Amino acid sequence: MNEIKKIVFPEGFLWGGATAANQIEGGFNEGNKGLNIADVLPGGKERLKILMSAGFNFEIDREKYSYPNHEAIDFYLRYKEDIALFAEMGFKVFRMSIAWTRIFPNGDELEPNEEGLAFYDRVFDELLKYGIEPVVTISHYEMPLNLVKEFGGWRNRQVVTFFERYTNVILQRYKEKVKYWMTFNEINGALKMPIMSMGFSPKKEEDRYLETFQAFHHQFVASAIAVKACKEMIPHAKIGCMILFAPVYSFDCNPENIIYALKEEELFNYFCADVQVRGEYPAFIKRFFKEKNIELEIQAGDLDIIKEGTVDYIGLSYYMSRTDKKEKSEAEKSQGNIVGGVKNPFLVASDWGWEIDPIGLRISLNKLYGRYQVPLFVVENGLGAYDQLEEDGSVHDDYRIDYLREHVRAMGEALEDGVELMGYTSWGCIDLVSMSTGEMSKRYGFIYVDKNDDGSGTLERRRKESFHWYKKVIESNGEVL
Ligand code: BGP
(Lines give C-alpha, C1' and ligand atoms only; values in the text may rest on other atoms or scores of the structure.)
Protein backbone atom coordinates (compact mmCIF):
# COMPACT_ATOMS: atom_id res chain seq x y z
CA MET A 1 0.00 0.00 0.00
CA ASN A 2 1.23 3.49 -0.78
CA GLU A 3 2.15 5.54 2.22
CA ILE A 4 -0.26 8.44 2.61
CA LYS A 5 1.64 11.70 2.57
CA LYS A 6 0.68 14.63 4.71
CA ILE A 7 -0.53 17.40 2.47
CA VAL A 8 -0.16 21.04 3.17
CA PHE A 9 -2.66 23.51 1.79
CA PRO A 10 -1.59 27.14 1.61
CA GLU A 11 -2.72 29.64 4.21
CA GLY A 12 -5.94 31.30 3.12
CA PHE A 13 -6.99 28.39 0.90
CA LEU A 14 -10.63 29.04 -0.03
CA TRP A 15 -12.64 26.07 1.25
CA GLY A 16 -16.36 26.10 0.64
CA GLY A 17 -19.27 24.83 -1.39
CA ALA A 18 -20.93 25.62 -4.70
CA THR A 19 -24.47 26.08 -6.01
CA ALA A 20 -26.39 27.80 -8.80
CA ALA A 21 -29.41 30.07 -8.44
CA ASN A 22 -31.80 28.02 -10.55
CA GLN A 23 -30.95 24.80 -8.72
CA ILE A 24 -31.48 26.09 -5.17
CA GLU A 25 -33.54 29.27 -4.98
CA GLY A 26 -37.05 28.34 -6.04
CA GLY A 27 -39.35 31.38 -5.81
CA PHE A 28 -39.33 31.27 -9.60
CA ASN A 29 -42.00 33.96 -9.90
CA GLU A 30 -41.38 35.82 -6.64
CA GLY A 31 -40.08 39.35 -6.33
CA ASN A 32 -40.91 40.26 -9.97
CA LYS A 33 -38.53 37.64 -11.28
CA GLY A 34 -38.98 36.85 -14.97
CA LEU A 35 -38.91 33.37 -16.47
CA ASN A 36 -35.60 31.94 -17.54
CA ILE A 37 -34.56 28.90 -19.51
CA ALA A 38 -34.28 26.77 -16.36
CA ASP A 39 -37.90 27.53 -15.49
CA VAL A 40 -39.16 25.63 -18.53
CA LEU A 41 -36.97 22.60 -17.79
CA PRO A 42 -39.19 19.63 -17.00
CA GLY A 43 -38.12 17.13 -14.33
CA GLY A 44 -36.84 13.66 -15.24
CA LYS A 45 -34.00 12.01 -17.07
CA GLU A 46 -35.38 13.10 -20.44
CA ARG A 47 -35.42 16.80 -19.58
CA LEU A 48 -32.55 17.88 -21.78
CA LYS A 49 -33.72 15.75 -24.68
CA ILE A 50 -37.17 17.36 -24.46
CA LEU A 51 -35.71 20.83 -24.26
CA MET A 52 -33.45 20.24 -27.25
CA SER A 53 -36.06 18.52 -29.38
CA ALA A 54 -37.13 20.32 -32.54
CA GLY A 55 -40.44 22.07 -32.01
CA PHE A 56 -40.09 22.57 -28.25
CA ASN A 57 -42.02 25.78 -27.58
CA PHE A 58 -40.42 26.87 -24.29
CA GLU A 59 -43.83 26.97 -22.61
CA ILE A 60 -44.67 25.56 -19.19
CA ASP A 61 -47.05 22.62 -19.55
CA ARG A 62 -48.08 21.40 -16.10
CA GLU A 63 -50.41 18.76 -17.52
CA LYS A 64 -47.47 16.95 -19.04
CA TYR A 65 -44.51 17.76 -16.87
CA SER A 66 -43.35 18.76 -13.40
CA TYR A 67 -40.90 21.63 -12.84
CA PRO A 68 -38.58 20.93 -9.93
CA ASN A 69 -36.63 24.18 -10.31
CA HIS A 70 -39.73 26.26 -9.49
CA GLU A 71 -39.48 25.50 -5.80
CA ALA A 72 -36.04 23.86 -5.79
CA ILE A 73 -34.93 23.77 -2.13
CA ASP A 74 -36.45 27.16 -1.35
CA PHE A 75 -33.14 28.89 -0.65
CA TYR A 76 -35.04 32.06 -1.59
CA LEU A 77 -36.78 31.98 1.80
CA ARG A 78 -34.46 29.70 3.76
CA TYR A 79 -31.08 31.24 2.95
CA LYS A 80 -30.45 32.28 6.56
CA GLU A 81 -30.79 28.76 7.87
CA ASP A 82 -28.59 27.40 5.06
CA ILE A 83 -25.87 29.99 5.48
CA ALA A 84 -25.80 29.28 9.24
CA LEU A 85 -25.09 25.63 8.38
CA PHE A 86 -22.33 26.61 5.93
CA ALA A 87 -20.82 28.75 8.68
CA GLU A 88 -21.00 25.82 11.09
CA MET A 89 -18.88 23.81 8.62
CA GLY A 90 -16.43 26.71 8.58
CA PHE A 91 -16.85 27.75 4.93
CA LYS A 92 -14.46 30.48 3.87
CA VAL A 93 -16.35 31.02 0.61
CA PHE A 94 -19.72 30.19 -0.87
CA ARG A 95 -20.13 29.91 -4.64
CA MET A 96 -23.53 30.95 -5.89
CA SER A 97 -24.93 32.59 -8.98
CA ILE A 98 -27.15 35.56 -9.55
CA ALA A 99 -30.31 34.86 -11.52
CA TRP A 100 -30.22 37.36 -14.39
CA THR A 101 -34.05 37.36 -14.40
CA ARG A 102 -34.26 38.63 -10.83
CA ILE A 103 -32.33 41.69 -11.94
CA PHE A 104 -33.69 42.09 -15.49
CA PRO A 105 -36.86 39.95 -15.69
CA ASN A 106 -36.99 40.00 -19.48
CA GLY A 107 -33.34 40.74 -20.10
CA ASP A 108 -33.98 43.76 -22.34
CA GLU A 109 -35.30 46.34 -19.86
CA LEU A 110 -33.40 49.56 -19.28
CA GLU A 111 -33.89 49.62 -15.51
CA PRO A 112 -33.16 46.80 -13.07
CA ASN A 113 -35.65 45.25 -10.68
CA GLU A 114 -34.94 46.56 -7.18
CA GLU A 115 -36.55 43.59 -5.43
CA GLY A 116 -34.13 41.21 -7.09
CA LEU A 117 -31.14 43.36 -6.25
CA ALA A 118 -32.27 43.63 -2.63
CA PHE A 119 -32.53 39.82 -2.36
CA TYR A 120 -28.85 39.34 -3.19
CA ASP A 121 -27.91 42.18 -0.83
CA ARG A 122 -29.57 40.21 1.95
CA VAL A 123 -27.79 36.98 0.96
CA PHE A 124 -24.36 38.65 0.71
CA ASP A 125 -24.87 40.44 4.03
CA GLU A 126 -25.79 37.19 5.70
CA LEU A 127 -22.67 35.47 4.30
CA LEU A 128 -20.38 38.32 5.28
CA LYS A 129 -21.86 38.33 8.79
CA TYR A 130 -20.14 34.93 9.23
CA GLY A 131 -16.98 35.93 7.38
CA ILE A 132 -17.92 33.87 4.30
CA GLU A 133 -16.87 35.49 1.02
CA PRO A 134 -19.31 35.07 -1.85
CA VAL A 135 -17.93 33.71 -5.13
CA VAL A 136 -20.41 34.82 -7.75
CA THR A 137 -21.07 33.29 -11.15
CA ILE A 138 -22.70 35.94 -13.30
CA SER A 139 -24.44 33.44 -15.58
CA HIS A 140 -24.98 29.81 -14.56
CA TYR A 141 -27.02 27.82 -17.09
CA GLU A 142 -29.89 30.23 -17.37
CA MET A 143 -30.80 33.30 -19.31
CA PRO A 144 -34.02 35.29 -19.60
CA LEU A 145 -36.57 33.31 -21.60
CA ASN A 146 -37.52 36.45 -23.47
CA LEU A 147 -33.99 36.62 -24.89
CA VAL A 148 -34.35 33.02 -26.01
CA LYS A 149 -37.74 33.41 -27.65
CA GLU A 150 -37.51 36.90 -29.09
CA PHE A 151 -33.80 37.24 -29.78
CA GLY A 152 -32.62 33.68 -30.44
CA GLY A 153 -30.25 33.56 -27.46
CA TRP A 154 -26.54 34.31 -27.72
CA ARG A 155 -26.52 33.98 -31.51
CA ASN A 156 -27.86 37.52 -31.48
CA ARG A 157 -25.30 40.28 -31.02
CA GLN A 158 -27.79 42.43 -29.11
CA VAL A 159 -27.55 40.03 -26.19
CA VAL A 160 -24.00 41.33 -25.59
CA THR A 161 -25.47 44.75 -24.82
CA PHE A 162 -28.15 43.34 -22.52
CA PHE A 163 -25.53 41.30 -20.67
CA GLU A 164 -23.27 44.33 -20.34
CA ARG A 165 -26.13 46.27 -18.75
CA TYR A 166 -26.78 43.41 -16.34
CA THR A 167 -23.13 43.00 -15.35
CA ASN A 168 -22.61 46.74 -14.88
CA VAL A 169 -25.57 46.88 -12.55
CA ILE A 170 -24.47 43.97 -10.37
CA LEU A 171 -20.79 44.93 -10.28
CA GLN A 172 -21.70 48.45 -9.22
CA ARG A 173 -24.27 47.33 -6.68
CA TYR A 174 -22.17 44.64 -5.00
CA LYS A 175 -18.70 46.08 -5.34
CA GLU A 176 -18.30 46.39 -1.57
CA LYS A 177 -19.55 42.87 -0.95
CA VAL A 178 -18.20 40.53 -3.62
CA LYS A 179 -14.47 40.01 -4.34
CA TYR A 180 -14.61 36.82 -6.40
CA TRP A 181 -16.46 36.66 -9.71
CA MET A 182 -16.78 34.33 -12.69
CA THR A 183 -18.46 35.16 -15.97
CA PHE A 184 -20.07 32.09 -17.64
CA ASN A 185 -20.44 28.75 -15.92
CA GLU A 186 -18.89 25.87 -17.89
CA ILE A 187 -18.72 28.06 -20.96
CA ASN A 188 -17.33 25.20 -23.08
CA GLY A 189 -20.29 22.96 -22.20
CA ALA A 190 -22.24 24.71 -24.95
CA LEU A 191 -20.25 22.83 -27.56
CA LYS A 192 -22.28 19.76 -26.61
CA MET A 193 -25.40 21.45 -25.34
CA PRO A 194 -25.92 25.09 -26.38
CA ILE A 195 -29.47 25.31 -25.07
CA MET A 196 -28.65 25.83 -21.39
CA SER A 197 -26.17 28.67 -21.55
CA MET A 198 -26.64 30.02 -25.08
CA GLY A 199 -30.41 29.73 -25.28
CA PHE A 200 -30.87 27.94 -28.59
CA SER A 201 -30.77 24.54 -30.22
CA PRO A 202 -29.61 24.50 -33.80
CA LYS A 203 -32.51 23.62 -36.08
CA LYS A 204 -30.25 21.88 -38.58
CA GLU A 205 -27.21 19.79 -37.70
CA GLU A 206 -25.15 21.52 -40.41
CA ASP A 207 -25.70 24.89 -38.69
CA ARG A 208 -24.64 23.60 -35.32
CA TYR A 209 -21.02 24.67 -35.32
CA LEU A 210 -21.49 27.97 -37.09
CA GLU A 211 -24.22 29.06 -34.68
CA THR A 212 -22.46 27.79 -31.59
CA PHE A 213 -19.14 29.46 -32.42
CA GLN A 214 -20.86 32.72 -33.32
CA ALA A 215 -22.58 32.59 -29.95
CA PHE A 216 -19.22 31.79 -28.30
CA HIS A 217 -17.76 34.85 -29.95
CA HIS A 218 -20.52 36.99 -28.47
CA GLN A 219 -19.96 35.45 -25.05
CA PHE A 220 -16.20 36.05 -25.28
CA VAL A 221 -16.81 39.72 -26.05
CA ALA A 222 -19.40 39.98 -23.28
CA SER A 223 -17.10 38.21 -20.81
CA ALA A 224 -14.17 40.48 -21.69
CA ILE A 225 -16.35 43.58 -21.26
CA ALA A 226 -17.39 42.28 -17.83
CA VAL A 227 -13.77 41.58 -16.87
CA LYS A 228 -12.71 45.10 -17.83
CA ALA A 229 -15.63 46.64 -15.98
CA CYS A 230 -14.89 44.55 -12.91
CA LYS A 231 -11.24 45.63 -12.84
CA GLU A 232 -12.24 49.27 -13.16
CA MET A 233 -15.02 49.20 -10.60
CA ILE A 234 -13.50 46.77 -8.07
CA PRO A 235 -9.70 46.92 -8.41
CA HIS A 236 -9.14 44.42 -5.58
CA ALA A 237 -11.50 41.81 -7.09
CA LYS A 238 -10.54 38.65 -8.95
CA ILE A 239 -12.59 37.62 -11.93
CA GLY A 240 -12.27 34.29 -13.70
CA CYS A 241 -13.63 32.20 -16.49
CA MET A 242 -15.19 28.82 -15.70
CA ILE A 243 -14.74 25.69 -17.73
CA LEU A 244 -15.93 22.10 -17.57
CA PHE A 245 -12.71 20.10 -17.51
CA ALA A 246 -12.66 16.36 -18.16
CA PRO A 247 -9.15 15.37 -19.28
CA VAL A 248 -9.28 13.24 -22.42
CA TYR A 249 -7.34 9.98 -22.30
CA SER A 250 -6.63 8.06 -25.46
CA PHE A 251 -8.11 4.58 -25.11
CA ASP A 252 -4.79 3.02 -26.16
CA CYS A 253 -1.44 3.88 -27.72
CA ASN A 254 -2.70 3.75 -31.29
CA PRO A 255 -1.48 7.10 -32.68
CA GLU A 256 -4.85 7.50 -34.47
CA ASN A 257 -6.56 7.49 -31.09
CA ILE A 258 -3.93 9.70 -29.51
CA ILE A 259 -4.31 12.44 -32.08
CA TYR A 260 -8.10 12.09 -31.82
CA ALA A 261 -7.94 12.54 -28.03
CA LEU A 262 -5.59 15.49 -28.39
CA LYS A 263 -7.84 17.25 -30.89
CA GLU A 264 -10.94 16.59 -28.77
CA GLU A 265 -9.16 18.01 -25.78
CA GLU A 266 -8.08 21.12 -27.64
CA LEU A 267 -11.54 21.82 -28.93
CA PHE A 268 -13.55 21.01 -25.85
CA ASN A 269 -11.22 21.66 -22.92
CA TYR A 270 -8.94 24.42 -24.13
CA PHE A 271 -10.60 26.48 -26.83
CA CYS A 272 -12.64 28.76 -24.55
CA ALA A 273 -9.92 29.06 -21.92
CA ASP A 274 -7.37 29.91 -24.63
CA VAL A 275 -9.50 32.87 -25.69
CA GLN A 276 -10.43 34.01 -22.20
CA VAL A 277 -7.01 33.57 -20.58
CA ARG A 278 -4.67 34.45 -23.46
CA GLY A 279 -6.97 36.95 -25.09
CA GLU A 280 -6.84 35.52 -28.60
CA TYR A 281 -8.20 32.74 -30.74
CA PRO A 282 -5.81 29.76 -30.69
CA ALA A 283 -3.94 28.68 -33.83
CA PHE A 284 -5.57 25.24 -33.96
CA ILE A 285 -9.07 26.65 -34.41
CA LYS A 286 -8.31 28.03 -37.90
CA ARG A 287 -8.22 24.57 -39.43
CA PHE A 288 -11.41 23.55 -37.64
CA PHE A 289 -13.22 26.69 -38.84
CA LYS A 290 -12.02 26.07 -42.39
CA GLU A 291 -13.13 22.44 -42.42
CA LYS A 292 -16.53 23.29 -40.99
CA ASN A 293 -17.03 26.35 -43.22
CA ILE A 294 -17.26 28.65 -40.26
CA GLU A 295 -16.80 32.33 -40.91
CA LEU A 296 -17.47 34.33 -37.80
CA GLU A 297 -18.94 37.79 -37.84
CA ILE A 298 -16.37 39.72 -35.88
CA GLN A 299 -16.98 43.43 -35.48
CA ALA A 300 -14.22 46.01 -35.54
CA GLY A 301 -12.75 46.28 -32.06
CA ASP A 302 -13.96 42.87 -30.85
CA LEU A 303 -10.51 41.30 -30.89
CA ASP A 304 -9.10 44.23 -28.94
CA ILE A 305 -11.83 43.89 -26.35
CA ILE A 306 -11.03 40.19 -26.01
CA LYS A 307 -7.33 40.98 -25.69
CA GLU A 308 -7.91 43.57 -22.99
CA GLY A 309 -10.39 41.51 -21.00
CA THR A 310 -8.38 38.47 -19.99
CA VAL A 311 -9.32 36.73 -16.76
CA ASP A 312 -7.36 36.55 -13.49
CA TYR A 313 -7.92 32.88 -12.84
CA ILE A 314 -9.53 29.72 -14.20
CA GLY A 315 -12.46 28.23 -12.33
CA LEU A 316 -13.09 24.64 -13.28
CA SER A 317 -15.56 21.89 -12.62
CA TYR A 318 -14.07 18.42 -12.34
CA TYR A 319 -16.18 15.30 -11.91
CA MET A 320 -14.59 12.70 -14.14
CA SER A 321 -12.13 11.99 -16.90
CA ARG A 322 -13.08 10.94 -20.39
CA THR A 323 -11.49 8.04 -22.24
CA ASP A 324 -12.02 8.06 -25.97
CA LYS A 325 -11.12 6.62 -29.33
CA LYS A 326 -11.79 7.52 -32.91
CA GLU A 327 -14.10 4.64 -33.84
CA LYS A 328 -16.46 3.37 -31.17
CA SER A 329 -19.48 1.12 -31.12
CA GLU A 330 -22.68 1.95 -29.22
CA ALA A 331 -21.88 -0.78 -26.69
CA GLU A 332 -18.51 0.75 -25.83
CA LYS A 333 -19.85 4.22 -25.10
CA SER A 334 -19.92 5.64 -21.58
CA GLN A 335 -22.09 8.39 -20.12
CA GLY A 336 -20.92 11.40 -18.24
CA ASN A 337 -21.24 15.07 -17.49
CA ILE A 338 -22.26 16.21 -21.01
CA VAL A 339 -19.13 14.63 -22.48
CA GLY A 340 -19.21 11.07 -23.80
CA GLY A 341 -16.36 8.67 -24.58
CA VAL A 342 -15.83 4.96 -24.00
CA LYS A 343 -15.67 2.98 -20.77
CA ASN A 344 -12.34 3.04 -18.98
CA PRO A 345 -11.57 -0.46 -17.65
CA PHE A 346 -9.54 0.98 -14.75
CA LEU A 347 -12.34 3.12 -13.35
CA VAL A 348 -15.61 2.57 -11.52
CA ALA A 349 -18.60 4.75 -12.39
CA SER A 350 -21.18 6.46 -10.16
CA ASP A 351 -24.83 5.40 -10.30
CA TRP A 352 -25.23 7.91 -13.12
CA GLY A 353 -22.34 6.50 -15.13
CA TRP A 354 -19.80 9.23 -14.31
CA GLU A 355 -16.40 7.54 -13.99
CA ILE A 356 -14.68 8.30 -10.70
CA ASP A 357 -11.06 9.30 -11.18
CA PRO A 358 -9.32 11.37 -8.48
CA ILE A 359 -5.95 11.15 -10.25
CA GLY A 360 -7.69 12.77 -13.21
CA LEU A 361 -8.08 15.89 -11.07
CA ARG A 362 -4.32 16.03 -10.47
CA ILE A 363 -3.79 15.51 -14.20
CA SER A 364 -6.28 18.28 -15.04
CA LEU A 365 -4.68 20.78 -12.69
CA ASN A 366 -1.22 19.98 -14.06
CA LYS A 367 -2.41 20.31 -17.63
CA LEU A 368 -4.15 23.62 -17.04
CA TYR A 369 -1.38 25.16 -15.01
CA GLY A 370 1.24 23.94 -17.46
CA ARG A 371 -0.62 25.58 -20.32
CA TYR A 372 -1.65 28.88 -18.72
CA GLN A 373 0.31 29.58 -15.51
CA VAL A 374 -2.62 31.39 -13.93
CA PRO A 375 -4.18 30.49 -10.57
CA LEU A 376 -6.77 27.73 -10.66
CA PHE A 377 -9.88 27.37 -8.55
CA VAL A 378 -11.75 24.05 -8.35
CA VAL A 379 -15.27 25.45 -8.11
CA GLU A 380 -17.17 22.19 -8.67
CA ASN A 381 -16.44 18.59 -7.74
CA GLY A 382 -18.56 16.01 -5.99
CA LEU A 383 -20.45 12.75 -6.08
CA GLY A 384 -24.10 12.53 -7.09
CA ALA A 385 -25.43 9.54 -5.15
CA TYR A 386 -28.60 8.04 -3.64
CA ASP A 387 -28.65 8.74 0.10
CA GLN A 388 -30.62 6.93 2.76
CA LEU A 389 -32.20 9.04 5.47
CA GLU A 390 -32.26 6.90 8.64
CA GLU A 391 -35.10 7.03 11.14
CA ASP A 392 -33.00 9.02 13.58
CA GLY A 393 -32.40 11.65 10.87
CA SER A 394 -28.81 10.67 10.11
CA VAL A 395 -27.31 9.96 6.68
CA HIS A 396 -24.25 7.71 6.47
CA ASP A 397 -22.65 8.89 3.26
CA ASP A 398 -19.22 7.33 3.68
CA TYR A 399 -19.05 6.79 -0.13
CA ARG A 400 -19.21 10.59 -0.56
CA ILE A 401 -16.50 11.10 2.05
CA ASP A 402 -14.31 8.58 0.21
CA TYR A 403 -14.84 10.36 -3.09
CA LEU A 404 -14.12 13.81 -1.68
CA ARG A 405 -11.13 12.66 0.38
CA GLU A 406 -9.41 11.23 -2.68
CA HIS A 407 -10.07 14.38 -4.69
CA VAL A 408 -8.75 16.60 -1.91
CA ARG A 409 -5.63 14.41 -1.82
CA ALA A 410 -5.27 14.81 -5.57
CA MET A 411 -5.34 18.59 -5.12
CA GLY A 412 -2.64 18.25 -2.48
CA GLU A 413 -0.50 16.32 -4.95
CA ALA A 414 -1.09 18.99 -7.59
CA LEU A 415 -0.02 21.67 -5.11
CA GLU A 416 3.19 19.76 -4.56
CA ASP A 417 3.58 19.54 -8.32
CA GLY A 418 3.75 23.33 -8.24
CA VAL A 419 0.22 24.19 -9.30
CA GLU A 420 -1.19 27.45 -7.95
CA LEU A 421 -4.58 26.64 -6.48
CA MET A 422 -6.85 29.22 -4.89
CA GLY A 423 -9.50 27.02 -3.38
CA TYR A 424 -12.08 24.29 -3.53
CA THR A 425 -15.85 24.59 -3.51
CA SER A 426 -17.46 21.19 -3.70
CA TRP A 427 -20.58 21.01 -5.81
CA GLY A 428 -24.02 20.97 -4.29
CA CYS A 429 -22.85 21.51 -0.71
CA ILE A 430 -26.54 21.33 0.11
CA ASP A 431 -28.76 18.89 -1.82
CA LEU A 432 -30.22 20.60 -4.86
CA VAL A 433 -32.00 19.94 -8.14
CA SER A 434 -29.78 18.10 -10.59
CA MET A 435 -29.00 20.06 -13.70
CA SER A 436 -29.07 17.19 -16.15
CA THR A 437 -31.99 15.17 -14.77
CA GLY A 438 -33.98 17.47 -12.49
CA GLU A 439 -33.84 14.80 -9.82
CA MET A 440 -33.56 15.53 -6.11
CA SER A 441 -32.45 11.94 -5.57
CA LYS A 442 -29.12 12.66 -7.29
CA ARG A 443 -27.72 14.17 -4.11
CA TYR A 444 -24.36 15.89 -3.68
CA GLY A 445 -24.77 17.66 -0.35
CA PHE A 446 -23.22 17.72 3.08
CA ILE A 447 -26.71 18.83 4.07
CA TYR A 448 -29.67 16.59 3.32
CA VAL A 449 -32.84 18.32 2.15
CA ASP A 450 -36.07 16.44 2.72
CA LYS A 451 -37.49 16.65 -0.76
CA ASN A 452 -38.25 13.86 -3.19
CA ASP A 453 -38.31 13.58 -6.96
CA ASP A 454 -42.12 13.87 -6.97
CA GLY A 455 -41.90 17.20 -5.13
CA SER A 456 -43.07 15.83 -1.77
CA GLY A 457 -41.12 16.42 1.45
CA THR A 458 -40.84 18.90 4.29
CA LEU A 459 -37.72 20.70 2.98
CA GLU A 460 -36.20 20.12 6.39
CA ARG A 461 -32.39 20.22 6.47
CA ARG A 462 -30.23 17.51 8.12
CA ARG A 463 -26.49 17.22 8.63
CA LYS A 464 -25.00 14.18 6.88
CA GLU A 465 -21.90 12.33 8.09
CA SER A 466 -19.93 14.19 5.40
CA PHE A 467 -20.96 17.48 7.04
CA HIS A 468 -18.93 16.63 10.15
CA TRP A 469 -16.07 15.29 8.01
CA TYR A 470 -15.83 18.44 5.89
CA LYS A 471 -15.93 20.64 8.99
CA LYS A 472 -12.77 18.89 10.22
CA VAL A 473 -11.12 19.18 6.82
CA ILE A 474 -11.64 22.93 6.83
CA GLU A 475 -10.69 23.33 10.48
CA SER A 476 -7.38 21.56 9.86
CA ASN A 477 -6.82 23.27 6.48
CA GLY A 478 -6.84 19.91 4.73
CA GLU A 479 -4.63 18.01 7.18
CA VAL A 480 -7.32 15.82 8.69
CA LEU A 481 -8.91 13.79 5.95
C1 BGP B 1 -22.19 20.94 -13.78
C2 BGP B 1 -23.06 22.15 -13.64
C3 BGP B 1 -23.86 22.21 -12.40
C4 BGP B 1 -24.21 20.88 -11.79
C5 BGP B 1 -23.19 19.79 -11.95
C6 BGP B 1 -23.67 18.41 -11.64
O7 BGP B 1 -22.05 20.62 -15.12
O8 BGP B 1 -22.31 23.35 -13.70
O9 BGP B 1 -24.92 23.10 -12.60
O10 BGP B 1 -25.51 20.56 -11.79
O11 BGP B 1 -22.64 19.77 -13.23
O12 BGP B 1 -24.47 17.93 -12.67
P13 BGP B 1 -25.85 17.22 -12.45
O14 BGP B 1 -26.68 18.16 -11.68
O15 BGP B 1 -26.38 16.96 -13.78
O16 BGP B 1 -25.54 15.98 -11.67
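Just so we're clear, the structure is a prediction, and the values are computed from it rather than from any experiment.
N36 and R102 form no side-chain donor-acceptor contact under 3.5 Å, judged by distance and modelled atom types alone. Donor-acceptor pairing under 3.5 Å is lacking for the side chains of N188 and Y270. With hydrogens and angles left out, the side-chain atoms of T183 and S223 include a donor and acceptor closer than 3.5 Å. N185 and T137 are not linked by any side-chain donor-acceptor pair at a separation below 3.5 angstrom, with hydrogens and angles left out of the test. Judged by distance alone, the side chains of Y120 and D125 never bring a donor and an acceptor atom under 3.5 Å apart. Counting only N and O atoms by type, the side chains of N477 and W15 include a donor and acceptor under 3.5 Å apart. A donor-acceptor pair shorter than 3.5 Å can be found between the side chains of Y369 and E420. In this model, a donor atom of one side chain and an acceptor atom of the other lie less than 3.5 Å apart for D274 and Y372.
Looking at K33 and E115, no side-chain N of the basic residue comes within less than 4.0 Å of a carboxylate O on the acidic one, giving no salt bridge. With respect to the salt-bridge test (charged N to carboxylate O, under 4.0 angstrom), the residues E475 and K471 qualify. Taking the charged nitrogens against the carboxylate oxygens, R400 and D387 do have a contact shorter than 4.0 Å, which makes a salt bridge.
Ring geometry, H70 versus Y67: the interplanar angle falls under 30°, so the pair is classed parallel (tilted spans 30 to 60°).
Counting only heavy atoms from C-beta outward, the side chains of F184 and W154 approach each other to under 4.5 Å. Counting only heavy atoms from C-beta outward, the side chains of V93 and R95 never approach each other to under 4.5 Å. Between Y166 and I98, the closest side-chain pair of non-hydrogen atoms falls below 4.5 Å.
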Verdict with supporting geometry, F163 and W100, ring pair (Phe, Tyr, Trp, His ring centres under 6.0 Å): CA-CA 9 Å; F163 189 78; W100 188 347; 5.4 Å; yes

Assess the residue pair E355 and K343 against the criterion (salt bridge (charged side-chain N to carboxylate O under 4.0 Å, His left out)); give the C-alpha distance rounded to whole Å, side-chain angles, the decisive distance to 0.1 Å, and a yes or no. CA-CA 8 Å; E355 286 177 340; K343 293 194 181 83; over 6 Å; no

Report the C-alpha distance between F446 and F467 in whole Å, list the side-chain angles of each, state the deciding distance to 0.1 Å, and finish with yes or no for ring pair (Phe, Tyr, Trp, His ring centres under 6.0 Å). CA-CA 5 Å; F446 302 116; F467 179 102; 7.6 Å; no

Stepwise salt bridge (charged side-chain N to carboxylate O under 4.0 Å, His left out) check, R173 with D121: CA-CA 9 Å; R173 174 82 169 215; D121 267 324; 2.8 Å; yes

Derivation and outcome, side-chain hydrogen bond (donor to acceptor under 3.5 Å, both in side chains), residues Y424 and N381: CA-CA 8 Å; Y424 177 74; N381 169 244; 2.6 Å; yes

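Aromatic rings from F220 and F271 are positioned such that their centres are separated by under 6.0 Å. F162 has its ring centre no less than 6.0 Å from the ring centre of F104.
Of the candidates W181, F119, F124, F124 is the only one forming a ring pair (Phe, Tyr, Trp, His ring centres under 6.0 Å) with Y174. Between W354 and the options Y319, Y318, Y403, a ring pair (Phe, Tyr, Trp, His ring centres under 6.0 Å) holds for only Y319.
A cation-pi arrangement, defined by a distance under 6.0 Å to the six-membered ring centre and an angle within 45 degrees of its axis, is present between K192 and F268.
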Using atom types as modelled, flag every donor-acceptor pair under 3.5 Å from a side chain in residues 427-434 to any protein atom, sequence neighbours excluded.
| residue | atom | partner | partner atom | Å |
| --- | --- | --- | --- | --- |
| D431 | OD1 | G445 | N | 2.9 |
| D431 | OD1 | K464 | NZ | 2.8 |
| D431 | OD2 | R443 | NH1 | 2.6 |
| D431 | OD2 | V449 | N | 3.2 |
| S434 | OG | S436 | N | 3.3 |
| S434 | OG | T437 | N | 3.1 |
| S434 | OG | T437 | OG1 | 3.0 |

